[in-house]
Enquirer: 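The structure under discussion is supplied below as C-alpha cells; questions concerning it will follow.
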Amino acid sequence: MGSGHNGLVAACHLARAGLSVEVVESDPVLGGAVSTVERWPGVRVDRGSSAHVIIRHSGIVEELELDRFGLRYVDCDPWGFAPAPVPGDAGPDGRPLVFSVDLDATCASIAAACGDADAAAYRRFVEVWGPRSAAVVQAFGDRPSPARLVRHLWPIGSRRPRTPGGEIAVDFLGSGDALLDRWFGSERLKAALAWFGAQSGPPMSEPGTAAMVGWVALLHDVPPGHPVGGSGGLTQALAARLAADGGRVTLGDGAARLLVEGPDGERRVTGVQTTSGRRVTAPVVVAACHVLATRDLAGDDAPPALADADPPLGNGFGLVLRCQTDALPAYPGAGDEALQGLQLLCTDRAQLARAHGDFLAGEVPREPVPLAMSFSASDPTLAPAGQHVVTIWGQWYPYALADGADWDALAEPAARQLIAAVDRYAPGFADSVQRLYVQTPLRLEQELSLLRGNVMHVEMSLASMFGFRPTPALSGHRVPGLAGLYLTGASTHPGGGVSGNSGRTAARVVLADRRPAARVRAEVGRRLRARRR
C-alpha cells in the first residue's frame with residue numbers, strides 16, 4: 001500500500017524472491033514524496049525530496065541494478081557550499097566554504113575561510129567519524145533490535161583502543177552543537193555543519209544529534225546525488241525493475257480498507273479493498289504509508305499495538321519553494337562550484353536557534369534560514385534553455401500556528417520572506433524568479449499525505465529512533481495481533497529521508513516469516529495458544 005520509494009524497494013525484493021506483487025497507490029503520480037512532475041510547460045519539478053543521500057550508501061541501487069532501468073545520478077560535487085558573511089554582519093568578511101568530495105580541496109577551502117587549525121581539525125574529524133558513520137549505515141540497514149545495534153556499533157571502539165567506549169557513547173548520545181564545539185573554533189564552519197545536520201529535523205542542540213553531523217564524513221566517499229530528470233527518476237526505475245520481475249503498480253486506486261479474517265486472537269489480513277471497490281486478495285500486506293494511515297485502514301480490526309499507537313508527529317517541519325527562474329543564484333566570490341549541491345545559507349548557529357525558537361512558539365520564523373538547490377545547473381533536462389529550477393527549503397515552519405492564522409493566507413508572504421533570505425546572500429535572485437509554487441506544511445499534508453506536514457512522518461528525535469520507531473511495539477515491521485500485516489516507510493526505522501532501508505528490511509522480514517520453518521513455528525504457537533484457551 002503506497003508507491004513511495006520504500007514501498008517500491010520492498011515490492012522489488014519480494015518480486016525478485018518469486019512472489020506475486022502488486023503496489024496500489026491512491027495518487028495518480030508514482031513515487032509519493034520521491035516524485036517529479038511537469039509543474040510548468042517544459043519544467044520538471046520535484047514534489048518532495050531532491051538530493052538523495054542515504055540510499056547512495058545503502059547498496060540498494062546496486063543490489064537492484066537500477067542503472068539497467070534508467071536511473072542515472074548526477075553527483076553533487078561539491079556537495080556543500082556556505083557563503084561568506086554578508087558585508088555589515090557581525091564578524092569579519094571572508095571567503096565562502098566549499099565542501100567537495102576531494103578532502104584535500106575541502107580542507108584548503110576551510111583553511112582559506114576559517115584558518116589552518118580548523119582545516120586540520122576537519123581532516124581529523126573525517127578520519128574519526130568516517131568509520132562511525134559507516135557503522136551507522138550498517139545499523140540503518142538492519143532491524144533495530146538492541147543486540148543488532150550493539151553488533152554494528154561496538155566494533156567501532158574495540159578496533160580503536162585509543163577511543164574508549166565511554167567517549168564514543170558521549171559522542172553518539174550528545175548534541176551536534178557540543179560535538180562541533182569540541183572539534184572546531186570557527187562559528188562559520190560550525191554553522192554550516194550544524195545546518196547540514198539539522199536537515200533530519202531536530203536542532204543540533206538536542207541530545208543524540210551528533211551522528212547527524214558526523215554523516216558528512218561519508219560524503220567524501222559518495223556524495224549526494226540528484227537523478228537525471230528529477231527525484232522521481234529513482235521511483236520510475238524501481239517501478240521498471242518491479243515490472244521486469246513480474247510485479248505491477250496500480251495508480252489512482254489506492255487501498256480504502258484492509259481485508260481481515262479469523263477469530264479473535266488469530267486475526268490476519270487477507271488483502272485490501274481499493275477505493276474503486278476492487279478486492280485484492282493476498283496473504284501479506286506491506287503498508288508503505290504513514291503508520292496512522294495504516295491504523296485508519298485497519299479500522300475496528302486494528303489490534304491494540306496499532307490502535308493505541310501514538311507516535312510524536314510534531315508541529316510541522318518546513319516550507320518548500322519551487323521556483324522557475326531565468327538565472328541561477330549568484331553568490332559573491334563564488335562560481336559554479338556553489339551550485340552543484342546543497343547551498344547552506346547560514347553563517348551563525350544563532351540564526352538556527354532563533355528560527356527554531358519561533359517554531360516552538362508556533363510562529364513563522366522571523367529570520368528564516370534557507371537551504372537552496374539548483375540542480376538544473378548540471379541537469380539540462382529539468383528546464384528549457386535559459387530557464388532554471390531552484391528549490392528553497394525553509395525549516396521549522398509550524399503546521400498549527402499559535403495565533404490560529406491560515407496557511408493559505410500566509411503562503412505568499414512567507415515565500416517572499418524566504419526568497420529575500422536567499423537574495424541576501426545572492427543579490428538579484430529575487431528578480432530572477434518567474435514562477436513560484438509554494439508547499440506550506442498544510443500543502444505538504446494535502447499533496448503528499450504527510451500528516452501535519454512532517455516530511456519524516458514521525459519526529460526524528462532520539463526518543464523516536466531505532467527500536468522506538470514508530471513505537472516499541474511496532475518497531476519490528478510486523479504488526480502484533482494482525483498476522484500478515486507489515487510496516488515500512490518513513491514511520492519506521494531508520495526514519496525519513498531517501499534511503500530505501502526500511503523497504504528492504506521489511507521485505508527481508510516478510511521472506512523470513514514465509515520460510516517453512518517459520519510457518520511451522522507459527523503453527524505450533526497457534527496450537528499452544530488454542531490449547532491454553
Side-chain angles (χ1 to χ4, degrees), residues 53 79-80 82 85 90-92 94 97-100 103-104 106-137 139 149 152-221 342 344 346-357 369 460-463 465-466:
V53 181
W79 54 261
L97 286 165
V98 180
F99 298 91
S100 306
L103 181 58
D104 290 339
T106 300
C107 290
S109 175
I110 293 172
C114 306
D116 291 338
D118 271 330
Y122 185 84
R123 187 182 296 277
R124 174 64 178 156
F125 181 82
V126 170
E127 177 187 338
V128 170
W129 273 91
R132 294 181 179 184
S133 296
V136 172
V137 168
L149 286 176
H152 289 302
L153 299 179
W154 177 253
I156 301 173
S158 63
R159 291 180 193 147
R160 297 180 61 85
R162 294 176 296 165
T163 308
E167 180 183 328
I168 292 175
V170 167
D171 279 351
F172 271 100
L173 297 177
S175 71
D177 279 341
L179 182 74
L180 291 166
D181 286 337
R182 284 200 301 273
W183 278 88
F184 306 113
S186 167
E187 181 56 36
R188 287 188 54 207
L189 178 58
K190 289 188 279 190
L193 297 178
W195 188 210
F196 173 85
Q199 297 308 303
S200 294
M204 291 299 97
S205 57
E206 279 197 10
T209 54
M212 298 175 184
V213 174
W215 194 275
V216 301
L218 295 180
L219 304 187
H220 295 287
D221 292 322
L342 309 179
L344 303 160
C346 178
T347 58
D348 192 317
R349 287 175 296 170
Q351 298 170 280
L352 303 176
R354 285 191 290 269
H356 188 254
V369 185
M460 295 281 283
S461 59
L462 186 59
M465 296 296 286
F466 296 102

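Quick note: numbers below take in every heavy atom, side chains included, and nothing from hydrogens, waters or symmetry partners.
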Enquirer: About how many Å separate CZ of R123 and CG of D118, when rounded to the nearest 0.5 Å?
Expert: 13.5 Å
Enquirer: With side chains defined as the heavy atoms from C-beta onward, is the minimum distance between F184 and L179 less than 4.5 Å?
Expert: no
Enquirer: Please work out which of the three classes, parallel, tilted or perpendicular, describes the rings of F99 and Y122, given edges at 30° and 60°.
Expert: tilted
Enquirer: Considering all heavy atoms of both residues, which atom of T209 and which atom of M204 are nearest to each other, and what is their separation?
Expert: OG1-O, 3.4 Å
Enquirer: Begin from the C-alpha positions of K190 and D348 and carry the test salt bridge (charged side-chain N to carboxylate O under 4.0 Å, His left out) through to its verdict.
Expert: CA-CA 8 Å; K190 289 188 279 190; D348 192 317; over 6 Å; no
Enquirer: Looking at residues at least two apart in the chain, or sitting in another chain, which of them share a side-chain hydrogen bond (donor to acceptor under 3.5 Å, both in side chains) with H356?
Expert: none
Enquirer: State which residues pass side chain to side chain contact (heavy atoms under 4.5 Å, CB included) with A353; sequence neighbours excluded, sorted by chain then number.
Expert: none
Enquirer: In the structure I gave you, are the side-chain heavy atoms of L97 and C114 within less than 4.5 Å of one another anywhere?
Expert: yes
Enquirer: In Å, rounded to the nearest 0.5 Å, how long is the span from CG of L189 to CG of L180?
Expert: 7.5 Å
Enquirer: Taking side-chain hydrogen bond (donor to acceptor under 3.5 Å, both in side chains) as the definition, give me every residue that meets it alongside E206, ordered by chain and number, with sequence neighbours left out.
Expert: none
Enquirer: A355 and V369: which non-hydrogen atoms are nearest, and at how many Å?
Expert: CB-CG2, 4.3 Å
Enquirer: Any idea which heavy atoms bring A121 and W183 closest together, and the distance?
Expert: CB-O, 3.4 Å
Enquirer: What pairs with D177 under side-chain hydrogen bond (donor to acceptor under 3.5 Å, both in side chains), at least two apart in sequence or on another chain?
Expert: R349
Enquirer: Does G214 offer a backbone N or O that forms a donor-acceptor pair with the side chain of S133 under 3.5 Å?
Expert: yes
Enquirer: Side chains of V216 and F125: does their closest heavy-atom pair fall under 4.5 Å?
Expert: yes
Enquirer: Grab the two heavy atoms, one from G130 and one from A217, that are nearest each other, plus how far apart they are.
Expert: N-CB, 3.6 Å
Enquirer: Find out whether M212 and F196 are in side-chain contact, i.e. whether some heavy atom of one side chain is under 4.5 Å from a heavy atom of the other.
Expert: no
Enquirer: Would you list the pairs meeting side-chain hydrogen bond (donor to acceptor under 3.5 Å, both in side chains) in which at least one residue belongs to residues 106-117, sequence neighbours left out?
Expert: none
Enquirer: What distance do L462 atom CG and S175 atom OG have between them, rounded to the nearest 0.5 Å?
Expert: 12.0 Å
Enquirer: Look at R132 together with D171 and state whether they make a salt bridge at an N to O cut-off of under 4.0 Å.
Expert: yes
Enquirer: Could you check if a side-chain atom of L342 sits within less than 4.5 angstrom of a side-chain atom of Q199, using non-hydrogen atoms only?
Expert: no
Enquirer: Just wondering, do L352 and P203 contact through their side chains at under 4.5 Å, heavy atoms?
Expert: no
Enquirer: Using side chain to side chain contact (heavy atoms under 4.5 Å, CB included) as the criterion, list what pairs up with V137, not counting sequence neighbours.
Expert: H57, W215, L218
Enquirer: May I ask you to decide if S100's main-chain N or O and H220's side chain share a donor-acceptor pair within less than 3.5 Å?
Expert: yes
Enquirer: Please name the residue in the list L219, V98, V53 that meets the side chain to side chain contact (heavy atoms under 4.5 Å, CB included) test with W79.
Expert: L219
